[in-house]
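All chains are named by letter (A, B, ...) in the order of the sequence lines, taking the proteins before the strands, and each is independently numbered beginning at 1. All of these numbers come straight from a predicted model, not from anything done at the bench.
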Amino acid sequence: MKPLLIAVIQAGRNFRYTWGSQIMTLLTVSLSVLIFSFFFLIYTNVMKAGVNLGGDLRLAVYFEEEPLPEMITRLKKKITDFREVDKIIYVSKDEAYNRLSQHLGEDIDVLANINPMFLPPSLEVYPPKDLKNLSQIKLFSEYLTKLPGAIKVQYGQGWIKRFDYFTKLLRIIVILSGGLLILTATFMVAYTVRLTVVARQEELKILRLLGATNNYILMPFLLEGLFQGFCGSALGLLSLGILYSWVKDRFYSPSFFEFFEFSFFSHTIIGIILLASIALCIGGSVTSMRRFLKV
Amino acid sequence: MKPLLIAVIQAGRNFRYTWGSQIMTLLTVSLSVLIFSFFFLIYTNVMKAGVNLGGDLRLAVYFEEEPLPEMITRLKKKITDFREVDKIIYVSKDEAYNRLSQHLGEDIDVLANINPMFLPPSLEVYPPKDLKNLSQIKLFSEYLTKLPGAIKVQYGQGWIKRFDYFTKLLRIIVILSGGLLILTATFMVAYTVRLTVVARQEELKILRLLGATNNYILMPFLLEGLFQGFCGSALGLLSLGILYSWVKDRFYSPSFFEFFEFSFFSHTIIGIILLASIALCIGGSVTSMRRFLKV
Amino acid sequence: MSKPMVELVSVTKVYTANVIALEDVSLEVDTGEISFLIGMSGAGKTTLLKLICGVESPTAGYIGVGGRNINQLRPREIPGLRQDIGMAYQDFKLLPERSAAQNIAMSMEVAYKNTSTIKRRVKDLLERLKLEEKHDTPVSNLSRGEQQRVAIARAVANSPSLILADEPTGNLDPMTTEVVMDLLEQCNDAGATIILATHDEAIYRHTKHKVMKLHLGKFQNCNS
Amino acid sequence: MSKPMVELVSVTKVYTANVIALEDVSLEVDTGEISFLIGMSGAGKTTLLKLICGVESPTAGYIGVGGRNINQLRPREIPGLRQDIGMAYQDFKLLPERSAAQNIAMSMEVAYKNTSTIKRRVKDLLERLKLEEKHDTPVSNLSRGEQQRVAIARAVANSPSLILADEPTGNLDPMTTEVVMDLLEQCNDAGATIILATHDEAIYRHTKHKVMKLHLGKFQNCNS
Ligand SMILES: Nc1ncnc2c1ncn2[C@@H]1O[C@H](COP(=O)(O)OP(=O)(O)OP(=O)(O)O)[C@@H](O)[C@H]1O
Ligand SMILES: Nc1ncnc2c1ncn2[C@@H]1O[C@H](COP(=O)(O)OP(=O)(O)OP(=O)(O)O)[C@@H](O)[C@H]1O
Ligand SMILES: [Mg+2]
Ligand SMILES: [Mg+2]
């Protein structure tokens with residue numbers, strides 16, 4: 001009879017005798033995978049969220065006088081030399097006035113007695129999506145302030161600062177809780193697997209006394225680890241998927257997801273999580289069993 | 001000899017024989033309390049954070065023409081009638097011009113050839129700190145738009161909207177992870193306590209056979225639960241305190257805490273957490289032991 | 001005539017449909033008596049002893065100990081009954097990591113006996129059973145025969161009025177068997193009623209005491 | 001003369017400083033022989049058997065089984081040795097939740113025997129030991145004597161060339177003892193060497209086989 005077949009039979013038999021603790025292990029693995037992947041999902045999405053928020057950023061450089069066209073070209077070059085940007089738009093006094101009147105709409109008459117030339121001309125700089133860090137923005141803005149003829153740079157400093165802190169806070173929370181949770185999950189899986197082995201230590205000792213080879217003892221545990229790692233993490237990922245779509249349905253509003261573009265794991269990452277938890281379960285049992293194999 | 005003294009001796013003896021699993025239980029309780037209180041702390045502080053952000057809110061109501069002083073008083077009354085506010089400041093055209101020139105500072109000459117009267121007069125409304133909900137702000141703003149003579153209400157809509165979603169997201173994360181974690185913590189404590197009892201089930205059975213009373217069997221477990229619940233949660237809270245002050249030191253910058261006023265638990269809440277975990281540990285062991293008491 | 005210490009009337013014990021361990025068994029053991037319970041392996045000896053000390057409950061029939069129906073006791077009365085019955089189990093039921101002394105002490109500790117009394121009694125018993133050197137040895141490190149003696153010591157330690165010894169000499173050589181039997185007889189002299197299940201012919205062959213023989217769950221030609 | 005199956009030369013086993021279980025013990029058991037190991041409780045019989053099957057290692061001395069020094073085997077050779085030695089432990093070492101049949105099968109399963117062969121052998125052994133009705137009963141639901149027979153059945157199931165039986169009849173009545181002894185003798189006829197530790201005088205009193213007596217860890221006046 002082939003050893004593998006025997007191992008399968010043995011694993012099946014073991015399951016019949018210890019299904020309670022096996023299901024417990026499976027649930028523990030599921031819960032751990034759920035927790036871990038939940039935070040991983042949030043972490044990756046939060047990191048992206050910062051980028052999206054930064055995408056709306058616009059720095060307006062106001063000038064005292066309308067610069068000459070060739071001056072504008074030079075200014076644009078100076079800016080792009082310092083840092084790559086998405087685009088730069090020149091807004092002349094006229095355009096600024098047009099914009100304001102458009103903005104006011106029906107209330108255009110407010111401007112009736114106003115000199116259309118009172119608004120300063122400006123260069124609107126749209127930084128690239130990856131410029132999301134407050135200190136980088138500050139640096140950029142300081143550079144822009146020093147451009148010849150520039151009198152002021154505006155970019156909603158107050159709000160951006162707040163946003164930056166908010167994002168920072170969110171990251172601290174996500175990282176700390178992630179760390180805490182991964183600690184917990186590892187602890188739980190290690191503990192549960194160890195207990196499963198301890199619960200069967202009597203059986204293992206007897207098998208050793210009867211002359212069982214290492215293979216004979218290890219194989220069923222490997223199969224079990226494979227099974228538990230796979231089913232456990234599949235179950236955990238499935239729960240996360242359900243949770244994810246529930247949250248998406250529940251809190252969905254187009255404007256919400258305009259800012260936070262949440263997305264689920266790619267197939268690759270799902271595969272990696274499955275493999276990692278299988279490896280963890282198998283590694284866990286084999287490590288806790290090592291001392292029995294020496295008897 | 002007094003039963004209590006015997007129970008203490010017994011508990012001490014049990015500890016000598018099962019210190020491994022007892023320390024495991026203690027650590028589990030600590031970890032669970034740490035996790036739980038960590039999220040509780042974040043939750044309470046995040047709820048407060050929303051309030052502080054709302055505190056900086058200012059709605060500016062622009063008017064076509066400068067209203068007469070008695071009209072201003074009536075407008076103010078209309079506003080306070082609709083909703084309590086912190087303060088309302090009237091900004092006349094002159095003042096608006098002054099502000100702009102102050103704002104521009106040295107660049108005051110930009111305004112040289114501008115009619116100082118081009119800026120519209122406005123009423124600046126500072127809503128109370130508890131107005132932090134986007135829909136409430138919108139409602140308020142709509143009301144303000146309908147004030148006689150008002151042409152426009154401004155309050156940084158875009159940013160506020162974003163903030164609102166951001167806060168919402170943070171709350172979803174905190175609530176979901178909190179739920180997940182409390183589930184995990186409960187599961188862990190229950191599981192560990194059950195395992196401790198199972199590990200000693202042989203001893204309990206023998207004690208029953210020898211004629212031990214329920215009291216004799218229960219007392220040491222009660223003492224153990226007391227000890228583990230107390231030490232475990234104390235350790236958990238201590239770790240949280242250390243983590244808290246580490247984060248505070250590490251990320252401290254005055255402007256950061258201007259927005260997020262983090263604070264630790266009050267003594268009352270610490271007391272409640274301690275008591276709750278003691279009750280949980282004792283309840284847990286007693287529940288898992290019940291079936292042995294029937295033998 | 002005094003009331004019988006142990007009284008069984010038409011007791012039947014069915015474990016599972018096809019395992020009828022005892023069938024319509026009646027028996028009476030007087031206070032202060034020593035009785036031997038013999039019979040083939042699987043005849044039901046252990047089952048009978050377990051019924052008497054209330055560890056198993058009968059499928060049918062009456063079991064009285066000290067005149068009380070033990071199957072109608074209230075839950076809070078059971079510990080008292082068990083403290084007054086000393087049972088040496090066939091599989092010992094000792095705690096392997098605890099020392100010999102601690103295992104023996106357990107039966108007195110649950111009765112809230114005085115610590116110094118316990119210590120003295122344990123030491124005395126260990127000496128009598130020639131285990132004085134094993135006082136602090138964990139039971140798992142004792143030889144099987146030594147463990148058996150610890151189990152017997154625990155059964156008699158609390159000076160119960162009824163001692164049930166299930167195969168108390170199965171792992172003992174003839175000399176040690178004698179030591180154990182001496183101890184049990186001394187307990188009997190001190191007033192304890194003893195029921196002793198055994199296979200060891202040497203013990204019961206020439207005895208003056210009652211010998212009851214179980215066969216397939218029923219009594220066979222008891223002498224008396 | 002054939003090579004001795006078991007050979008001990010000046011073997012000493014010290015558990016802890018003050019527990020010297022065996023002291024300078026030498027012994028030789030020829031292939032196909034039956035030997036009895038007797039001695040008081042605590043004399044070191046179990047220790048001696050455990051040394052022979054390699055469960056304990058000696059403090060000093062040489063132990064040879066089938067001509068090989070078992071304390072110099074490489075780790076991967078140990079399972080093979082153990083499969084070829086059938087030991088019936090004094091404390092049985094059975095798995096309580098598994099059925100009698102499964103417990104017996106274990107010793108053949110670890111040797112990767114054929115399933116149908118295992119089934120046949122288990123059934124045959126249970127019948128011979130009068131346990132055919134207990135085929136599927138969990139061992140924890142068997143009487144002590146029934147468990148003992150399961151332990152013996154497991155020891156002989158894989159047809160080992162060396163059988164070590166530690167007190168195999170301690171929980172058995174004379175009739176069942178005879179059944180067990182018949183089984184062991186059959187194994188012996190089939191070529192197995194047997195060492196049997198026992199207290200039961202009835203077994204070894206009139207035997208023609210070698211009787212070795214241990215006393216406080218040393219051999220005393222062996223007959224041969
Ligand atoms: N818990 C149980 N569940 C099912 N059957 C049982 C249980 N305990 C004992 N039996 C069966 O009841 C019968 C009597 O068992 P008991 O232990 O009373 O025998 P015994 O006379 O003590 O035998 P031994 O001398 O071998 O100890 C046996 O056939 C046994 O298999
Ligand atoms: N694991 C151990 N650790 C320490 N001492 C031990 C251990 N096992 C046995 N001993 C001691 O070694 C001595 C011999 O034990 P052993 O089990 O060999 O005796 P035995 O002849 O089999 O006795 P019995 O007839 O009672 O089974 C005893 O004094 C025992 O207490
Ligand atoms: Mg019995
Ligand atoms: Mg022995």
Task: Heavy-atom closest contact (C:Val110 atom, B:Leu210 atom, distance) - done: CG2-O, 3.4 Å

Open item on the list: For a side chain to side chain contact (heavy atoms under 4.5 Å, CB included) check, start with the C-alpha distance between C:Arg98 and B:Arg13, then their side-chain angles and the critical distance, and finish with the verdict.
Closed with: CA-CA 10 Å; C:Arg98 305 270 170 116; B:Arg13 200 193 281 163; 3.8 Å; yes

Task: C:Tyr62, OH: over 12 other non-hydrogen atoms inside 6.0 angstrom - done: yes

Open item on the list: Between C:Arg82 and B:Arg208 (side chain of the first, backbone of the second, donor and acceptor by atom type, cut-off under 3.5 Å), is there such a pair?
Closed with: yes

TODO: Find out whether C:Glu109 and B:Ile6 are in side-chain contact, i.e. whether some heavy atom of one side chain is under 4.5 Å from a heavy atom of the other.
DONE: no

- [ ] Could you tell me the separation between the CD1 atom of B:Ile206 and the CE atom of C:Met106, rounded to the nearest 0.5 Å?
- [x] 5.5 Å

Open item on the list: Looking at B:Tyr244, I'd like to know if its OH atom is crowded, meaning that more than 12 non-hydrogen atoms belonging to other residues, nucleotides or ligands lie closer than 6.0 Å.
Closed with: yes

Open item on the list: Heavy-atom count check: over 12 atoms from other residues, nucleotides or ligands less than 6.0 Å from C:Glu97 CD?
Closed with: yes

Task: chain C contact via B:Arg16 - side chain, backbone, both or neither, heavy atoms under 4.5 Å - done: side chain

Task: B:Glu84 atom CD, neighbour heavy-atom count above 12 within 6.0 Å - done: no

Open item on the list: Looking at every non-hydrogen atom in both residues, tell me the closest pair between C:Pro79 and B:Gly211 and how far apart they are.
Closed with: CB-O, 3.3 Å

Open item on the list: Assess whether a salt bridge exists between C:Lys93 and B:Glu203, defined as any Lys/Arg side-chain N lying under 4.0 Å from an Asp/Glu carboxylate O.
Closed with: no

Open item on the list: I need the B:Leu207 CG to C:Leu95 CG distance, nearest 0.5 Å.
Closed with: 7.0 Å

TODO: Would you mind checking which part of C:Leu81 comes under 4.5 Å of any heavy atom in chain B, side chain (CB onward), backbone (N, CA, C, O), both or neither?
DONE: neither

